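The block underneath contains the structure these notes are about, expressed in structure tokens.
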There are 2 protein chains.
Amino acid sequence: MNINPKKISNPQLKEQEFSINHQKLIDATIETIAKRGLADTTIAQVAKKAMVSQGYANFRFKSKENLLLSSLKFLSDEYKNSWQRIFEDSSLDPVGRVIKIIENDFSGKIASRNKIAVWVSFYSEVKFRPSYLTICQKQDEIYSSQMEKLIKELNFLTDQTFLTPREISETYLSMVDGLWQRILFDPKIYSHVFCKGLIKKYFKNIYTDEKRFV
Amino acid sequence: MNINPKKISNPQLKEQEFSINHQKLIDATIETIAKRGLADTTIAQVAKKAMVSQGYANFRFKSKENLLLSSLKFLSDEYKNSWQRIFEDSSLDPVGRVIKIIENDFSGKIASRNKIAVWVSFYSEVKFRPSYLTICQKQDEIYSSQMEKLIKELNFLTDQTFLTPREISETYLSMVDGLWQRILFDPKIYSHVFCKGLIKKYFKNIYTDEKRFV
DNA sequence: TTTTGTATTGAATAATCATTCAATATGGGT
DNA sequence: ACCCATATTGAATGATTATTCAATACAAAA
């Protein structure tokens, strides 16, 4: 009389299986938020998409709030990892590093429409949910300061003095946020190629001698 | 036994009174969305803030959805009006017009933290609410093309040829969106003065001979 | 004054959802 | 073969909330 058969739990896979269900729920949450918005995301829908029972989803994550937070944390960590990989790559010079960052910010993995929708949803509530801020704010400050330092190196290597590193880095970061939002709005116009091109052109205009900002 | 006395309806004021209640509800909606988010905005809260009964709010706007849409429409119209005023002002040359636009985009009236919170909330749901798109998309295309035309005049008057009007205008528009989002996130750092300064510096770097981009 | 139409209320309704939990399934250890 | 610990279910509960609507208040007309 049991329609949904229980999952087989293999002892060697216990840890991994935990991860699988955990991740399935987070993926389903991201998809659901992207499809219906934070407001209309229900545990029932997420559980259905993840193919587990509603009770299980709640049991695993203790609360809906916690499930949402975990999803944001997942995106935040994913971004952090890709960022760190670029900064730890010692084979890159400043220009190469900037280019990698641009490409990462508009890669299929990081800047998929679903994930952007989730980011923007959380951003829109950051004002009154301190828990969301906690997850992102500190990282965001790190990105700001690392970017600024990187631009400082770039300025040092070139004859660019009119714009300060702070200005260039803030301009870059706000452009990315704005373009992400616009990808949601009109993905036809704001393709990844278009966005990357626009930003590279911005840099090319500043560092006119540097040929790598295609 | 009537705690909340009914409003006095003066015949000469009927139209205006309609507007007053209408506008009170819209203002209350904006405040509530900004304070609690789209998800947690209830008609009861909005009605309470507007000091009318819950039933009345629903009666006036027919549905919650309609109340939200009307609030977005209000913001959209407000923006449109200020934009048009700038474009209709024949005393302005292209540079003056660009400066006015920048100042408008970060004015206290247009870019208050509450209003930005509402914009971002709606943006975050635009992907799956065609009704939101309907209100903003066409206007947005107009702003894009008018801005591009304006930059074209600017390029014509100067020796700037490296960046196309399209590129400059898209960069400007995405920076505004990004900075608005960042105002929500961290209003201390992203003050109106900071945002305007950053954008003017962007233009100053492009049009080096133009002294008015302070 | 009485009537009438409109504005406004507030309580009832019905729907939606997060959360809880007792019941059930599973697979390894005994 | 039986027991135990853990994983998972799904139905019940209770809270929240949009929406409805009958009742009320009011102002102008008669």
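Chain A is the first sequence line, chain B the second, and so forth, proteins listed ahead of strands; every chain is numbered from 1. Since the structure is predicted, the reported quantities are computational estimates derived from the model, not experimental observations.
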Residues B:D186 and B:R182 bridged, charged N to O under 4.0 Å:
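Salt bridge between B:D186 and B:R182, a charged N being under 4.0 Å from a carboxylate O: no.
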Check the distance between [N]'s [atom2] and [X]'s [atom1] and give it to me in whole angstrom.
X     : N      : atom1 : atom2 : answer
A:F61 : D:dT8  : CZ    : C1'   : 15 Å
B:F59 : D:dT20 : CZ    : P     : 12 Å
B:N21 : C:dA7  : CG    : C1'   : 9 Å
A:Y56 : D:dT9  : OH    : C1'   : 11 Å
B:R60 : C:dT9  : CZ    : C1'   : 14 Å
A:L68 : C:dA18 : CG    : C1'   : 12 Å
A:K64 : C:dT19 : NZ    : C1'   : 12 Å
A:L67 : C:dC17 : CG    : C1'   : 14 Å

Any chance you could measure B:K35, atom NZ, to A:K127, atom NZ, to the nearest 0.5 Å?
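One finds 9.0 Å between NZ of B:K35 and NZ of A:K127.
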Using heavy atoms to find the nearest nucleotide of DNA chain C for B:Q54 and A:K62 separately, return the residue whose nucleotide is more 5′.
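Whichever sits nearer the 5' end wins; that is B:Q54.
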Do any of residues 30-49 of chain A sit with a heavy atom less than 4.0 Å from DNA chain C, and if so which?
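When residues 30-49 of chain A is checked for heavy atoms under 4.0 Å from DNA chain C, the hits, listed by number, are A:T41, A:T42, A:I43.
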Testing the 3.5 Å rule here: is there a donor-acceptor pair between the side chains of [X] and [Y]?
X      : Y      : value
A:D177 : A:Y123 : no
B:Q23  : B:D27  : yes
B:W83  : B:Q146 : yes

Considering residues at least two apart in sequence or located in another chain, which fulfil the side chain to side chain donor-acceptor pair (under 3.5 Å) criterion with A:K100?
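Residues passing side chain to side chain donor-acceptor pair (under 3.5 Å) with A:K100: none at all.
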Using a cut-off of less than 4.0 Å, is there contact between a side-chain N or O of A:N58 and OP1 or OP2 of C:dT19?
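Affirmative; the distance criterion is met.
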